[in-house]
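Every chain is numbered from 1, with letters handed out A, B, ... down the list of sequences.
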Amino acid sequence: MNYDKVIKLALERGFYFPSCEMYNNSPAGFWEYGPNGVSLKNKFLELWRRELVRRDNMMEIDGSQIMAKSVFEASGHLASFADPIVKCTKCGSTFRADRMISESCSVVIPESADLVEFDDVIVKNGIVCPRCQGALDKTKKFNMMFRVGIGPEGEDAYLRPETCQSIFVDFPRLYKTMRGKLPMGVAQVGKSFRNEISPRQSLLRLREFYQAEIEIFCNPERLHDASKLERVKDVTLHIDNREITCSEAVDDGVLPNEFIAYYVGILTEFYQKTGISMERSRFRKLGEKEKAFYASVAFDFEVETTIGWLELVACNYRTDYDLSGHAEHSGESFQVMDGDQRVLPHVFEISMGIDRSLYCILEHSLMEDDENNRTVLSLKPYLAPRHVGVLSLVKKDGLREKTDSIHEDLNRKYDTFLDHAGAIGRRYRRLDEVGCPFAITVDHQTLQDDTVTLRDRDTMKQRRVSLSDLDDTLSESLTFPV
RNA sequence: GCGGUCAUAGUAUAGCCUGGUUAGUAUGUUGGCCUUCCAAGCCAAUUACCCGGGUUCAAAUCCCGGUGACCGCACCA
């Protein structure tokens, strides 16, 4: 299934759509989730909590989206989350200053250098616009964070460009008050904001987006403990073009230690349960130049789609980069006791893009069933926006009333969809398109013996189920897997 | 931000070149009839020319500007 079909489904069936679409000055890169999108997202996150947060006994927080300027001085984002750009005064083209200079005259300037250094080299070497030979303007910094003005004086603060900074600044309190012990995982779901130059492709490149981030605080001297890895040692990983188990990955040096291998393992088990094809997924170790400025080791979890490989998760070993930065800027101590050892914890991060993950689930689940002339969103039942359609075969002879009462018995426990209108086949097709795994239909026999038909989305097969067994039957298929 | 292409109902499109239509079609949606378990049929209803300006007696149509989308470049924690 391809990108166009997914976006068409998203627009037509209330999964997601552009924000403020009726106003023509609405900026790009902002999308909203409709009813089915929210329901899918909530269930995806519930699965994430089960498979990662609860499984590893992590704690979850919900931090504020606007954060103090100092946070980003300490984190390095004010200095490093910005690109030096230079603009041509004649044709208006914009270039990354460091790249353009190294291409024009092989002088290498680090991107974090002072802006005057770029200007000096441009003047000294007579560099002009590579496109039109026009004169270049002065180099500027383009910072990708959104600045906000707080209070009447409009004091500087920033929308967080990643959710994890709240986890870092909250770490000392969490450790003290929540009886922290290393390794300690802290998770957060929330919005992050980045002023992308060119947002693209709906959910895949947003200016405002959801992240589910996990930061595991650990003792850097105890990364070879294999006790947790035991649980996932046989999980198969696609990594660096190989197919190996978690424990083999450590033995072969593909993954640096047991600690990281364990988290890569549970992350893989999580994604297996989302319905994303693991055959079309991989971990990829990032090279020195691809890594973020804070990472010493970085793996991306990537999924193949019709528009290429997408990065869904960044796994970064951030060392003590963040905690030492915040310790230095705030004066607070971030050291903790691990046994009888005083340590400044290191951080391993699992930073997940929720929107991208949802897109991949949709693309990998969407099927065209030509034989039956239908489109089926073959979601895992526990992720489906609607669990069960409740339909009356016809409205008359009391079937409507019977159906309504069955619906009332179900709709507090399940996400249901009540539908009386139109041809039954059309109603089944509509449910198929939003991934609803089951439909029960009330017919004349129901009035006689309190049974209904239960239709399975993927096979279209039906069986008769007694109303008294209905709850058990549905629960069995709709609860999250263990 | 640059270049190319594009913008008409929920969705997909015709009409634009050559200005004047009641803006057509398909599908969807809503109600009704019929049917009574897989997008059937019939009747009715419903919904659109991206925004702003210009040219003109008259603009969906021609011109300018803006915004957005797609592709490429670049960027991408």
On RNA chain B, does the nearest nucleotide to A:M145 precede the nearest nucleotide to A:T453 from the 5' side, or the other way round? Give the residue. A:T453
Given RNA chain B, 5'-ward residue of the pair A:E162 and A:Y428, judged by closest heavy atom: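 Residue closer to the 5' terminus by nearest nucleotide: A:Y428.
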Other residues, nucleotides, ligands: >12 heavy atoms within 6.0 Å of A:E328 CD: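 No, CD of A:E328 has 12 or fewer neighbouring heavy atoms, counting only those of other groups under 6.0 Å.
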Counting only heavy atoms not in A:N241 (residues, nucleotides, ligands), do more than 12 fall under 6.0 Å from its CG? no
Shortest side-chain distance from [X], nucleotide among [options]:
{"X": "A:K395", "options": "B:C75, B:G32, B:A40", "answer": "B:G32"}
{"X": "A:R426", "options": "B:A39, B:C37, B:G68", "answer": "B:A39"}
{"X": "A:A421", "options": "B:G31, B:U11, B:C37", "answer": "B:G31"}
{"X": "A:A423", "options": "B:C38, B:A40, B:U11", "answer": "B:A40"}
{"X": "A:R430", "options": "B:A12, B:U29, B:A39", "answer": "B:U29"}
{"X": "A:Q462", "options": "B:C37, B:A39, B:C75", "answer": "B:C37"}
{"X": "A:K396", "options": "B:U35, B:C37, B:U11", "answer": "B:U35"}
{"X": "A:R429", "options": "B:U30, B:C38, B:G31", "answer": "B:C38"}

Please work out if [X] contacts a base, only the sugar-phosphate, or nothing of the nucleic acid, heavy-atom cut-off 4.0 Å.
{"X": "A:Q445", "result": "nothing"}
{"X": "A:H77", "result": "base"}
{"X": "A:A314", "result": "nothing"}
{"X": "A:Y3", "result": "sugar-phosphate"}
{"X": "A:R194", "result": "base"}
{"X": "A:D443", "result": "base"}

Expressed as a whole number of Å, how far does the [atom1] atom of [N] sit from that of [M]?
{"N": "B:U55", "M": "B:A45", "atom1": "P", "value": "41 Å"}
{"N": "B:U8", "M": "B:A44", "atom1": "P", "value": "29 Å"}
{"N": "B:C34", "M": "B:A40", "atom1": "C1'", "value": "11 Å"}
{"N": "B:U25", "M": "B:C42", "atom1": "P", "value": "15 Å"}
{"N": "B:U47", "M": "B:C6", "atom1": "C1'", "value": "23 Å"}

In whole angstrom, give the distance that lies between atom [atom1] of [X] and atom [atom2] of [N].
{"X": "A:R374", "N": "B:A39", "atom1": "CZ", "atom2": "P", "answer": "11 Å"}
{"X": "A:D419", "N": "B:C37", "atom1": "CG", "atom2": "P", "answer": "17 Å"}
{"X": "A:I307", "N": "B:G72", "atom1": "CD1", "atom2": "P", "answer": "10 Å"}
{"X": "A:R427", "N": "B:A39", "atom1": "CZ", "atom2": "P", "answer": "12 Å"}
{"X": "A:E21", "N": "B:A7", "atom1": "CD", "atom2": "P", "answer": "18 Å"}
{"X": "A:R207", "N": "B:C76", "atom1": "CZ", "atom2": "P", "answer": "15 Å"}
{"X": "A:M144", "N": "B:G1", "atom1": "CE", "atom2": "P", "answer": "15 Å"}

Check this for me, if you would: do A:R207 and A:E196 make a salt bridge, where the nitrogen-to-carboxylate-oxygen distance has to be below 4.0 angstrom?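 Result for this pair is no, no salt bridge flagged.
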Is A:K402 salt-bridged to A:D450, going by a charged N under 4.0 Å from an acidic O?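 Counted as a salt bridge, because a side-chain N and a carboxylate O are separated by less than 4.0 Å.
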Could you verify whether a donor N or O on one side chain and an acceptor N or O on the other, from [X] and [Y], lie under 3.5 Å apart?
{"X": "A:E32", "Y": "A:S19", "result": "yes"}
{"X": "A:Y294", "Y": "A:S75", "result": "no"}
{"X": "A:S357", "Y": "A:Y271", "result": "yes"}
{"X": "A:E162", "Y": "A:S351", "result": "no"}

Mutual orientation of the aromatic rings belonging to A:F301 and A:F283 [parallel < 30°, tilted 30-60°, perpendicular > 60°]: tilted
Quick one: the dot-bracket string of RNA chain B, using Watson-Crick and G-U wobble pairs with both distances under 3.5 Å, [ ] for crossing pairs and | for bases paired to another strand. (((((((..((((......[...))))((((((.......))))))...(((((..]....))))))))))))....
Looking at residues at least two apart in the chain, or sitting in another chain, which of them share a ring pair (Phe, Tyr, Trp, His ring centres under 6.0 Å) with A:F168? none
Please state whether the base of B:C76 and the side chain of A:E196 form at least one donor-acceptor pair under 3.5 Å? no
Any donor-acceptor N/O pair under 3.5 Å between B:C38 base and A:N372 side chain: no
Short side-chain N/O contact from A:Q201 to OP1 or OP2 of B:C71, under 4.0 Å: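 Yes.
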Are A:R13 and B:G10 close enough that a side-chain N or O sits under 4.0 Å from OP1 or OP2? no
